[in-house]
2 protein chains.
Amino acid sequence: MSDTKQIMKHSKQRDAIFSFLMTRKDHPTAETIYTCLKEENPNLSLGTVYRNLTLLTDIGQIRRLRLSDGADHFDADTSPHDHFLCMRCNAVMDVHMNKPVRKTPYKIQDFSGEVEGSFTYYYGTCEHCLKEMCS
Amino acid sequence: MSDTKQIMKHSKQRDAIFSFLMTRKDHPTAETIYTCLKEENPNLSLGTVYRNLTLLTDIGQIRRLRLSDGADHFDADTSPHDHFLCMRCNAVMDVHMNKPVRKTPYKIQDFSGEVEGSFTYYYGTCEHCLKEMCS
DNA sequence: ATCAAAATCAGGAATGGTTACTATTTTATT
DNA sequence: AATAAAATAGTAACCATTCCTGATTTTGAT
């Protein structure tokens, strides 16, 4: 309707959040990101972290992972991949499966809707915990 | 350590919750279940609904679906199946895929942990919304 | 049927993750 | 430099869920 296009202005906080997220492969929560960045920038606000994580998710620059432990986790790797959740240590790990590449939207059997994509979570015991259980 | 085995006693509230959930295929939230059952039993407490849903989930009698809309959804169908989320009307639908049956735990390529299982969420536009978009 | 122990409950308070609000600061544009 | 829009810090509010307490229900044993 009306010209509601929103111009995204530069922000040091957002840069810091995204840069930090790119250095981590453990898919941290907003709280973790906030705690870590607060050390360098004591004025940082938790609300700013949440707002920017949502914003970055909306523009597709990061991915939000909704796991089973209450808080959302975030992933700077937006390439197609799935995740593995260790039931023992609660670690979240990347799983790059050789899924068939398909045009979207596509159809799936016995279902009449159009599929834009999917995300899969595997769960079990991670390599590290397997070793610990044997010792 | 100590003998902490917990005997599960019968409960009318739990029965009502499970029975109600079996009649629904739309994967309601705790709040929805509470509101519906409250009509017949005005004394019902929301905490009781939450406690029993968690309990039923723990013993594997129902499944908890953690979707992207804040509240958990519950499914009385524990047979292996996945779910489709309509991005337009937020409906949650069952998707029965012919996935390969595999013993668990199993291994997946390029990953050293042991997998107990997986759950997949598809997203897109449901049949009903597709029709609406054309009219 | 009576009784006691344990599980469950209702109701409400507390928790924890997240969002909303507001006055101020930063960013981008003229 | 002046201006407008976007972003921020700090805090309050929100909402789903869990926890707590004293009362009630269930169950098994007498």
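Proteins come first, then strands; the chains are lettered A, B, ... in the order of their sequence lines, and each starts at number 1.
T29(B) and T32(B) share a donor-acceptor pair across their side chains, judged by distance under 3.5 Å alone. A donor-acceptor pair shorter than 3.5 Å can be found between the side chains of D94(A) and H27(A). Between the side chains of R51(A) and T48(A), at least one donor N or O lies within less than 3.5 Å of an accepting N or O.
For D72(A), counting side-chain heavy atoms from C-beta on, the closest listed nucleotide (dC9(C), dT18(C), dG11(C)) is dT18(C). The side chain of M8(B) lies closest to dT8(C), out of dT8(C), dA10(C), dT19(C). Side chain of L46(B), nearest nucleotide from dA9(D), dT17(D), dA10(C): dT17(D). Here the side chain of K38(B) is nearest to one of dG10(D), dG11(C), dA16(D), namely dG11(C).
The NE2 atom of H73(B) sits 11 Å away from the C1' atom of dA16(D) (whole-angstrom rounding). Put simply, CG on N52(B) is 9 Å from C1' on dC9(C), counting in whole angstrom units. Following rounding to the nearest Å, L56(A) (CG) and dT18(C) (P) show an atom-to-atom distance of 15 Å. For N43(B) and dA23(D), the CG to C1' distance is 12 Å, given to the nearest whole Å. Rounding to whole angstrom units, CD1 of residue I7(B) and P of dT27(D) are separated by 11 Å. Atoms CZ (R51(B)) and C1' (dT8(C)) sit 6 Å apart, rounded to a whole Å. Per the geometry, CG belonging to D58(B) stands 12 Å off P belonging to dT8(C), to the nearest Å. Whole-Å rounding puts the R14(A) CZ to dA6(D) P distance at 12 Å.
Residue K9(A) places a side-chain atom within donor-acceptor reach of the base of dA5(D), judged by atom type and a 3.5 Å distance cut-off alone.
Contact check, S11(A) against dT8(D): a side-chain N or O comes under 4.0 Å of OP1 or OP2. Proximity of T48(A) to the phosphate of dA9(D): a side-chain N or O atom is located under 4.0 Å from OP1 or OP2. Phosphate contact (OP1/OP2 of dT18(D), side-chain N/O of Y50(B), threshold under 4.0 Å): absent. Checking the phosphate oxygens (OP1, OP2) of dC9(C), no side-chain nitrogen or oxygen of N41(B) falls inside 4.0 Å. For dA10(C), the OP1/OP2 oxygens have a side-chain nitrogen or oxygen of Q13(B) closer than 4.0 Å.
The six-membered or imidazole ring of Y50(A) lies away from that of Y34(A), with a centre-to-centre distance of 6.0 Å or more.
Using a 4.0 Å heavy-atom criterion, one finds that T54(B) contacts the sugar-phosphate atoms exclusively.
Annotation: of the two residues near DNA chain C, G47(B) and K12(A), the 5′-most nearest-nucleotide partner is G47(B).
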